[in-house]
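One structure is given here, and the rest of the page talks about it.
What you see is a predicted model; the values in this text were computed from it and never measured. Indexing begins at 1, ligand by ligand and atom by atom, following the structure's order.
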Amino acid sequence: MHYRHFPCAPEAKISILGFGCMRMPYFNNDSGQINEEESIKMIRYAIDNGVTYVDTAYPYHKGNSELLVAKALKDGYREKVYLATKHPVWLVEEFSDFEKYLDEQLAKLETDHIDFYMLHALNKNRWNKIRDLGAIKFLEEARAKGKINYFGFSFHDELPLFKEIINTYPWDFTQIQLNFMDTEYQAGIEGLEYAVDRGIGIIVMEPLRGGSLTKSVPEDVQKIWDKAEIKRTPAEWCFRWAANNPHVVTILSGMSTMEQVEENVEKADAMLPNSLTAKELALIEQVRKIYVERTKVNCTNCKYCMPCPAGVNIPGVLTQYNNGNIYDNREGAARSYQAFMINNNIDASKCTECGVCLSACPQNIEIPEVLKTAHSYLTK
Ligand SMILES: NC(=O)c1ccc[n+]([C@@H]2O[C@H](COP(=O)([O-])OP(=O)(O)OC[C@H]3O[C@@H](n4cnc5c(N)ncnc54)[C@H](OP(=O)(O)O)[C@@H]3O)[C@@H](O)[C@H]2O)c1
């Protein structure tokens, strides 16, 4: 395992591969029903093989991820890792709510402190509201009480807001979405460098773009990967690209099978800074261009838009729409849409345009409009 360090905590050995507990295996197509036995095995395998950073959040797996992490970290595992979780800022209505939710999280996680604590998924509305309600005062007080050690925020909005938040406070770290497709999206590389210049540590999330860079790799993309002198899986290329940046402290991977944990842990030894050759970087750039030309909707399948009040499976519809375009297979996507969406009454035609999804989407997708276009494409 390769280790790096946060500027705020140079003594802490942080594994380049962090365990993101948002994509654990689950039963009955219900992310709230985590397959606990398998998930605990996966987390412990990763820790036994050098992972020292575990990331969860209040809402993951319908509120059950923190409970699962507590179970996985029993039997001495808590002491082997730095534990990160995120405050559900959207639930805060008054100052006392900040500490109320932190205390609930400490109880769920069965720990007396969080090592790395974040304000979760900041966007303009959330930030303005919680800043005015005293979020920073709360964080400083929580640290003084020993409930949290280091604090920062995870981010899903435009670059100018990112810089504004960075300038508000000398944060310890920030968590941003970054992969070779998202260099100019949300915080992007410019945001990363802006934070680094101010001594703020960087955590990367969605390194595989939520799995979309590794699932059904299009033939023209695979042909480019095949040209590489050293053969790597698409996942490995993604991790190597993120790790190549020496300022990235840890890369969170949401792993949903033991095989993925084994592969990612094994490859983490080579996730070294500045280790890709100019030729390899050029190869990745070729792949990026192909994807850019194909992607229709910027959905990362984070499911923050769910549940939809009208019952539409929004990420499911957008995935089918993107799949049809990215993989040039409208008929296949239309078949899946019929089988999995229309036949289950969760297709885009059920959308009432209520707009609840609009404020929830970290990617700022115009979901009701896109659903109409997707439905027409998938049913023509
Ligand atoms: N704070 C926030 O706002 C926020 C938002 C998003 C994520 N996060 C955190 O960041 C973590 C990482 O984000 P993410 O889960 O979106 O990460 P990601 O690594 O981009 O995507 C995860 C998906 O990648 C696929 N995958 C993983 N390893 C693979 C391998 N070796 N080969 C092929 N496919 C592989 C899996 O897809 P399949 O399941 O389809 O196999 C998995 O579900 C999350 O788990 C969460 O802890 C935070």
Side-chain angles (χ1 to χ4, degrees), residues 16-26 29 31 34-35 38-39 42-43 46 51 53-61 65-66 68-69 83-90 116-123 126-127 152-157 162 173-182 185-187 202-217 225 232-243 248 250-268 271 298-306 315-316 319 323 360-364:
I16 185 67
L17 183 71
F19 205 122
C21 299
M22 188 181 92
R23 314 262 192 190
M24 314 302 294
Y26 51 82
N29 214 17
S31 71
I34 302 178
N35 179 342
E38 187 64 8
S39 301
M42 287 161 56
I43 294 173
V51 166
Y53 192 92
V54 175
D55 172 272
T56 181
Y58 187 88
Y60 292 174
H61 289 281
S65 176
E66 289 179 328
L68 180 279
V69 168
L83 177 59
T85 194
K86 314 184 191 82
H87 193 288
V89 293
W90 54 91
F116 290 86
Y117 196 55
M118 278 159 273
L119 302 172
H120 195 174
L122 292 189
N123 59 27
R126 287 178 184 175
W127 169 241
F153 63 96
S154 70
F155 184 77
H156 283 295
D157 207 322
F162 182 77
F173 66 98
T174 180
Q175 183 166 311
I176 58 172
Q177 173 172 336
L178 199 68
N179 52 67
F180 64 74
M181 294 297 293
D182 291 328
Y185 182 62
Q186 297 190 354
I202 302 292
I203 299 172
V204 162
M205 61 181 158
E206 310 198 29
L208 313 183
R209 239 180 164 273
S212 56
L213 295 174
T214 51
K215 257 176 256 172
S216 335
V217 175
W225 289 141
R232 299 188 173 112
T233 64
E236 197 184 350
W237 280 113
C238 293
F239 288 123
R240 289 295 299 270
W241 181 87
V248 170
T250 186
I251 305 170
L252 298 179
S253 174
M255 296 169 275
S256 59
T257 63
M258 183 55 111
E259 291 69 34
Q260 289 173 355
V261 179
E262 287 168 353
E263 177 182 339
N264 298 349
V265 163
E266 188 200 326
K267 305 293 185 196
M271 294 182 197
N298 204 18
C299 172
T300 65
N301 206 21
C302 70
K303 300 189 177 69
Y304 288 2
C305 55
M306 297 297 279
T319 298
N323 284 350
C361 177
Q363 315 298 334
N364 299 319

Quiz item: Do H156 and R126 have side chains that get closer than 4.5 Å, going by heavy atoms?
Solution: no
Quiz item: Which protein heavy atom lies closest to atom 46 (C) of ligand 1, and at what distance to 0.1 Å?
Solution: Y60 OH, 3.4 Å
Quiz item: Are the side chain of K86 and the backbone of T56 linked by a donor-acceptor contact shorter than 3.5 Å?
Solution: yes
Quiz item: Among T214, I251, N264, V217, which one has a heavy atom closest to atom 34 (N) of ligand 1?
Solution: T214
Exercise. Any chance you could lay out the side-chain contact (heavy atoms from CB on, under 4.5 Å) test for I202 and T174, step after step, and finish with the verdict?
Key: CA-CA 5 Å; I202 302 292; T174 180; 3.8 Å; yes
Quiz item: Under the ring pair (Phe, Tyr, Trp, His ring centres under 6.0 Å) criterion, do F19 and Y53 qualify, and how do the steps go?
Solution: CA-CA 6 Å; F19 205 122; Y53 192 92; over 10 Å; no
Self-check item: K215, portion touching ligand 1 at heavy-atom distance under 4.0 Å
Solution: side chain
Practice problem: Report, in ascending order of atom number, the atoms of ligand 1 lying under 4.0 Å from any heavy atom of G211. | Solution: 20 (O), 21 (O), 23 (C), 24 (O), 25 (C)
Practice problem: Before giving the answer on side-chain contact (heavy atoms from CB on, under 4.5 Å), spell out for Y26 and N35 the whole-Å C-alpha distance, their side-chain angles and the decisive distance to 0.1 Å. | Solution: CA-CA 5 Å; Y26 51 82; N35 179 342; 5.7 Å; no
Quiz item: atom 26 (N) of ligand 1: which protein heavy atom is closest, and how many Å away?
Solution: L208 CD1, 3.4 Å
Exercise. Please check if the side chain of N179 supplies one atom and the backbone of E206 the other of a donor-acceptor pair under 3.5 Å.
Key: yes
Quiz prompt | Under 4.0 Å to a heavy atom of H156 - the qualifying atoms of ligand 1, by number | solution = 2 (C), 3 (O), 4 (C), 5 (C)
Practice problem: Taking only heavy atoms of G20 into account, list the atoms of ligand 1 that are under 4.0 Å away from them. | Solution: 45 (O), 47 (O)
Quiz item: Would F19 count as a contact of ligand 1 if the rule is a heavy atom under 4.0 Å away?
Solution: no
Quiz item: Got a donor-acceptor contact below 3.5 angstrom from the Q260 side chain to the S256 backbone?
Solution: yes
Practice problem: State the atoms of ligand 1, each with its element, that fall below the 4.0 Å cut-off from a heavy-atom position in L252. | Solution: 10 (O), 11 (C), 12 (C)
Quiz item: Got a donor-acceptor contact below 3.5 angstrom from the D182 side chain to the Y185 backbone?
Solution: no
Quiz prompt | Winner among G254, C21, P234 once heavy atoms are compared against atom 42 (C) of ligand 1 | solution = G254
Practice problem: Just jot down the ligand 1 atoms closer than 4.0 angstrom to any heavy atom of A121, in number order. | Solution: 3 (O)
Quiz item: Out of curiosity, is F155 lining ligand 1, as in a heavy atom under 4.0 Å away?
Solution: no
Practice problem: Could you tell me the residue and atom name of the protein heavy atom closest to atom 39 (O) of ligand 1, and the distance to it rounded to 0.1 Å? | Solution: S256 OG, 2.7 Å
Self-check item: Atom indices of ligand 1, in the order listed, that fall short of 4.0 Å to a heavy atom of P207
Solution: 17 (O), 18 (P), 19 (O), 20 (O)
Quiz item: Just heavy atoms, cut-off under 4.0 Å: does F153 contact ligand 1 by side chain, backbone, both, or neither?
Solution: neither
Quiz item: Stepwise, does the side-chain contact (heavy atoms from CB on, under 4.5 Å) test hold for F239 with I251?
Solution: CA-CA 8 Å; F239 288 123; I251 305 170; 3.9 Å; yes
Practice problem: Look at atom 35 (C) of ligand 1 and find which of Q260, R23, E206 reaches it with the closest heavy atom. | Solution: Q260
Practice problem: Show the numbers, then the answer: is there a side-chain contact (heavy atoms from CB on, under 4.5 Å) between T233 and W225? | Solution: CA-CA 8 Å; T233 64; W225 289 141; over 6 Å; no
Self-check item: Atoms of ligand 1, numbered as shown, that sit under 4.0 Å from any heavy atom of S154
Solution: 1 (N), 2 (C), 3 (O)
Quiz item: Counting heavy atoms only, which part of H120 comes closer than 4.0 Å to ligand 1: side chain, backbone, both or neither?
Solution: side chain
Quiz item: With only distance considered, is G210 within less than 3.5 Å of ligand 1 through an N or O on each side?
Solution: yes
Quiz prompt | ligand 1 versus Q177: contacting region, heavy-atom distance under 4.0 Å | solution = neither
Self-check item: Donor-acceptor contact below 3.5 Å, side chain H61 vs main chain S31
Solution: yes
Quiz item: Any idea which protein heavy atom is nearest atom 44 (C) of ligand 1, and the distance to it?
Solution: M22 CB, 3.7 Å
Self-check item: Passing option when H120 is tested against F153, W90, Y58 for ring-ring contact (aromatic ring centres under 6.0 Å, His included)
Solution: W90
Quiz prompt | Identity and separation of the nearest protein heavy atom to atom 47 (O) of ligand 1 | solution = D55 OD1, 2.6 Å
Self-check item: Protein heavy atom at shortest distance from atom 10 (O) of ligand 1
Solution: M205 CB, 3.3 Å
Quiz item: Which ligand 1 atoms does A235 reach within 4.0 Å, using its non-hydrogen atoms?
Solution: 30 (C), 31 (N), 32 (N)
Quiz item: Is the backbone N or O of C21 less than 3.5 Å from a side-chain atom of S65, with the two atoms forming a donor-acceptor pair by type?
Solution: yes
Quiz prompt | From L208 atom CG to W241 atom CH2, the distance as rounded to the nearest 0.5 Å | solution = 12.0 Å
